[in-house]
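Just below is one structure, and these are the notes that go with it.
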Amino acid sequence: MTSMVIQSVSDDLVWKSLPLIEQYSINATDAIILRSALNIADTIRVLGHDLVLVTSHIRLANSAQSSKLVVWSPEKNDQSSLEELISIQ
């Protein structure tokens, strides 16, 4: 089963994303996206699932991979590899 999570941006999320800017040399928007993805991944991994971050932004993709997230890029990967990652049958 696949699903999408929509997460609002809270002050807490913004503050917790700030260290990622310096750690990975990314912009504030990417840091918020990465922090959100890490939070969601932590939550769903407990349930035996994983998160696939879809991005074509190179710095965000590299930062996410360094943070042990699965990344799929529409510029580098094909549709079948995405289907394999999210187990579409």
Side-chain angles (χ1 to χ4, degrees):
M1 178 179 170
T2 61
S3 64
M4 183 179 291
V5 175
I6 298 174
Q7 183 169 345
S8 61
V9 178
S10 65
D11 288 347
D12 185 56
L13 179 63
V14 171
W15 285 109
K16 288 181 178 177
S17 70
L18 293 178
L20 298 173
I21 294 170
E22 185 173 344
Q23 181 178 354
Y24 294 112
S25 188
I26 56 177
N27 64 45
T29 302
D30 287 349
I32 291 171
I33 293 167
L34 180 57
R35 180 75 266 156
S36 296
L38 291 168
N39 291 349
I40 294 166
D42 287 346
T43 300
I44 65 174
R45 284 178 177 157
V46 172
L47 304 172
H49 302 289
D50 207 354
L51 175 132
V52 177
L53 179 65
V54 177
T55 183
S56 59
H57 193 275
I58 293 170
R59 283 190 180 180
L60 176 57
N62 291 341
S63 301
Q65 288 172 330
S66 293
S67 298
K68 308 296 186 227
L69 292 178
V70 177
V71 176
W72 185 86
S73 170
E75 294 181 1
K76 293 183 178 182
N77 306 110
D78 61 16
Q79 183 69 29
S80 63
S81 65
L82 177 62
E83 291 171 355
E84 184 178 311
L85 284 173
I86 60 175
S87 301
I88 295 177
Q89 298 179 10

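Note that these values count all heavy atoms, side chains included, but never hydrogens, waters or copies made by symmetry. This one's a predicted model, so the numbers in the text were calculated from it and none came from an experiment. Count residues from 1 along the sequence.
Summarising the local packing, CZ of Arg59 is surrounded by 12 or fewer heavy atoms from other residues, nucleotides or ligands at distances under 6.0 Å. Within a 6.0 Å sphere centred on CG of Asp11, heavy atoms belonging to other residues, nucleotides or ligands number 12 at most. With a 6.0 Å radius and a threshold of 12 heavy atoms from other residues, nucleotides or ligands, Leu18 has its CG atom above the threshold.
With rounding to the nearest 0.5 angstrom, the OG1 atom of Thr55 is 8.5 Å from the CD atom of Glu75. To the nearest 0.5 angstrom, Leu69 atom CG is 6.5 Å from Leu53 atom CG. Here the CG-OH distance, from Asn62 to Tyr24, works out to 10.5 Å after rounding to the nearest 0.5 Å. Here the straight-line distance linking atom OG1 of Thr29 with atom CD1 of Ile21 works out to 9.0 Å at 0.5 Å rounding. The OG atom of Ser63 sits 10.0 Å away from the CG atom of Leu38 when rounded to the nearest 0.5 Å. Considering CG of Asn77 and OG of Ser56, their distance stands at 11.0 Å, rounded to 0.5 Å.
A donor atom on one side chain and an acceptor atom on the other are found under 3.5 Å apart for Ser81 and Asp78.
Scanning all heavy atoms of the two residues, the minimum distance from Arg45 to Lys68 falls at NH2-O, 2.9 Å. Closest approach of His57 to Asp30, counting heavy atoms only: CE1-OD2, 2.8 Å.
With contacts defined as side-chain heavy-atom distances shorter than 4.5 Å, the pair Leu51/Val70 does not qualify. Counting heavy atoms from C-beta on, the side chains of Leu34 and Ser67 come closer than 4.5 Å.
Listed for the Arg35 side chain is no donor-acceptor partner under 3.5 Å among the backbone atoms of Val14.
No single ILVMFWY cluster, assembled from side-chain heavy atoms under 4.5 Å apart, contains both Leu13 and Ile33.
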